[in-house]
Trainee: 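Structure in structure tokens, see below.
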Amino acid sequence: MSLTKKIALGLGIASGALLAAWLLTGDRKKKTREFVARQTESLKRALRNRKKETATDEDPIYI
């Protein structure tokens, strides 16, 4: 891995950590936690619906 890629990766990780620290401090902490919880629930519902759609076809298809 070249030096430029290492620097870019390091900056990306560091900026993500700074953003997370900023979002989880002060008044933003409660709002951030509620937002993440809502998005997690919607993702769970979407995955659950997707599993139901693919699980309906139980018969194998032979060619």
Trainee: Sequence neighbours left out, what pairs pass side chain to side chain donor-acceptor pair (under 3.5 Å) with at least one residue falling in residues 32-41?
Mentor: none
Trainee: Sequence neighbours excluded and cut-off under 3.5 Å, please list the side-chain donor-acceptor pairs for residues 22-29, or say none.
Mentor:
from	atom 1	to	atom 2	distance (Å)
Thr25	OG1	Ala21	O	3.4
Thr25	OG1	Trp22	O	3.0
Thr25	OG1	Arg28	NH2	3.1
Arg28	NE	Trp22	O	2.9
Arg28	NH2	Trp22	O	3.2

Trainee: Check residues 5-12 and write down every donor-acceptor pair under 3.5 Å in which the side-chain atom is one partner and the other belongs to a residue at least two apart or another chain.
Mentor:
none

